[in-house]
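Remember, it's 1-based here, ligands and their atoms both numbered in the order they're listed.
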Amino acid sequence: MGDNLTLHTDKYQINMMYAHWKNGSANERAVFEVYFRKLPFGGGYAVAAGLERIVDYIRDLAFDDEEIAYLRTQEENYDEGFLAELRAFCFTGDLHAVPEGTLVFPNEPLVRVDARIFEAQLVETALLNFLNYQTLIATKASRIKRVAPNDRLLEFGTRRAQEADAAVWGARAAYVAGFHATSNMRAGMRFGIPTSGTHAHAWVQGHDSEEEAFRKYAEALPDHVTLLVDTYDTLKSGVPNAIKVAKLLREQGKELKGIRLDSGDLAYLSKRAREMLDEAGFPDVRIVASNDLDENIIAELKAQGARIDIWGVGTQLITAFDQPALGGVYKLIAREKDGALEPVIKISGNPEKISTPGVKDAYRIVSLETGMAVADYVCMPKEGEAVRSGAPLKLLDPLHPHRFKEIENYEVFPLLHPVFKEGELVYELPALPDIQKFHERQIALFWPEHLRKLNPEPYLVNVSRGLWEQRAKLIERYHP
Ligand SMILES: Nc1ncnc2c1ncn2[C@@H]1O[C@H](COP(=O)(O)OP(=O)(O)OP(=O)(O)O)[C@@H](O)[C@H]1O
Ligand SMILES: O=P(O)(O)OC[C@H]1O[C@H](OP(=O)(O)OP(=O)(O)O)[C@H](O)[C@@H]1O
Ligand SMILES: O=C(O)c1cccnc1
């Protein structure tokens, strides 16, 4: 199997494409949007990620000979005319998306696809696959970053990741949210993420003594020595042997960079190790900790006064262990009928799952007094609901739309940016370090109340009166 991702889709998309082609509706315009309904990890925000992969995917979409040959083997016995249509397929629509690193919230559009239904339907599965996973990992990484904002964060997850793609794109998502380096060399090569590594227990086990293992390692890589000190006994042998090697290195004009703790009581061991290193004259040797860390354990360790400078985080981050999926959905919001776009709704017994019809935009409203984000505002600029910085704006309480708050002294920033226009890429993908900086600036826009790990204050996503009324009208149509 090559790396063509065009058939990275659910069969039902191909079924629907076929049925549209048969019925002559394949060229009708359709608008879909991606959003999620619930924030992951019980948190107050999510961090958008996945756009770069979406761009690559859309740009490279092509049913090559191999894909067409495979489709011919399917029992549906697709018409040759349909396969010829697929052979000529490329994306010719518009795509808008929030830039990677943006803080995003439930029920606001993250991506909008406006294209022939034939194209818009195909891309659902892959778009959700990329966006759901990468946004989830960037969000988890951002939560970890929040509890250790001034420490160095290393992504160590590959061995526990859900296969290779998850490892490299997860490493990238972690970097977007402020991690400093990854252990995954392929992610380093592909994305230019700094790489970092210590050594494994196997290195120590593979020598006659811990001291010999440390010495040999230091001889081989004298400028980059971080020694794993817990193979036998952290305080009785690991740290003392590391200090011996630190002295040897110093005699050569080099310095031991760090030690790594990977088991036991990390608070206690790090404090004792710090004292031992300081007393021996090595106050600059950094202490790295690993062992099933996540934002809760790191926060707890910090509260206990742990003397850890660098955190290696693997399993819990790369697998989003405490919430392994983000429930982003791709919903049809408008379709072409008699030459015009008409909003469409999806009704559900669960009021939270009723979709919000209509082609909409989302804006971040930032107070000019405080410089902080006040709310996000979702509206239909094409239906006369334009927002302008400073014009008085009514923010409706989403549960009680008769209640509202009026604001005046603010700036607005559109969340959705044009990415593809009539199939052409019109978006310049930012360099990864710039995405990381952008994310930092995004974080700075939000009060800590919305960012805290536990029971955060919900940030408001406001729906305009027009959208609210249109939704009510359509609900009424289907449930009079
Ligand atoms: N002081 C601490 N407070 C809270 N959690 C801690 C503290 N020290 C370590 N932990 C965490 O507790 C868990 C301990 O894991 P585990 O029960 O596997 O013990 P271990 O010491 O790693 O043993 P093993 O040698 O089998 O790896 C890890 O997730 C670790 O990060
Ligand atoms: O705990 P995580 O957050 O997933 O971080 C990665 C873990 O992977 C390694 O352990 P492993 O037992 O696989 O190998 P090792 O023998 O090198 O310790 C490392 O020592 C960490 O404990
Ligand atoms: O470099 C390390 O210490 C490392 C890398 C991957 C997994 N565990 C540890």
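- Atom 4 (O) of ligand 2 has its nearest heavy-atom neighbour, among Thr315, Val204, Thr231, in Thr315.
- Applying the 6.0 Å contact sphere to NE2 of His417 captures more than 12 heavy atoms from other residues, nucleotides or ligands.
- The shortest N or O to N or O distance between Gly264 and ligand 1 is below 3.5 Å.
- Atom OH of Tyr268 is surrounded by 12 or fewer heavy atoms from other residues, nucleotides or ligands within 6.0 Å.
- Heavy-atom proximity to Arg159, at under 4.0 Å, picks out these atoms of ligand 3: 6 (C), 7 (C).
- A donor-acceptor distance shorter than 3.5 angstrom exists from the side chain of Arg274 to the backbone of Pro283, with no hydrogens or angles considered.
- Residue-to-ligand polar distances place Arg260 within reach of ligand 3: an N/O pair is separated by less than 3.5 Å.
- Listed for the Ser367 side chain is a donor-acceptor partner under 3.5 Å among the backbone atoms of Glu369.
- Each of the atoms 1 (O) of ligand 2 lies under 4.0 Å from some heavy atom of Asn291.
- The option from Leu293, Leu228, Asp262 that lies nearest to atom 22 (O) of ligand 2, judged by heavy atoms, is Asp262.
- In this structure a side-chain-to-backbone donor-acceptor pair under 3.5 Å is present from Gln436 to Tyr175.
- Looking at ligand 2, you'll find an N or O of Gly314 within less than 3.5 Å of one of its N or O atoms.
- The nearest non-hydrogen atom to atom 2 (C) of ligand 1, considering only Leu301, Ile298, Asp230, Asp262, comes from Leu301.
- Ligand 2 is never approached by His199 to a heavy-atom distance shorter than 4.0 Å.
- Although no hydrogens or angles enter the test, the distance criterion places no donor-acceptor pair under 3.5 Å between the side chain of Lys244 and the main chain of Glu211.
- At a 4.0 Å heavy-atom cut-off, ligand 1 touches Asn291 through backbone and side chain alike.
- The shortest N or O to N or O distance between Leu266 and ligand 1 is below 3.5 Å.
- Proximity of a side-chain donor or acceptor of Lys360 to a complementary backbone N or O of Thr356 within less than 3.5 Å is detected.
- The distance criterion of under 3.5 Å between nitrogen or oxygen atoms is not met by Ser263 with respect to ligand 1.
- Geometrically, ligand 3 and Thr198 share a nitrogen or oxygen pair separated by less than 3.5 Å.
- Any N or O atom pair closer than 3.5 Å counts here, and Gln304 shares at least one such pair with ligand 1.
- Cation-pi geometry between Lys140 and Phe41 is met: the NZ or CZ atom falls under 6.0 Å from the ring centre, inside 45° of the normal.
- For Glu352, the CD atom counts as loosely surrounded, since its 6.0 Å shell holds 12 or fewer non-hydrogen atoms of other residues, nucleotides or ligands.
- Less than 4.0 angstrom separates some heavy atom of Gly197 from each of these atoms of ligand 3: 1 (O).
- Note: no N/O pair closer than 3.5 Å links Gln316 and ligand 2 by distance alone.
- Applying the salt bridge (Lys or Arg N to Asp or Glu O under 4.0 Å) definition to pairs two or more places apart or across chains, those involving residues 153-177 are Glu52-Arg172, Arg53-Asp165, Glu100-Arg172.
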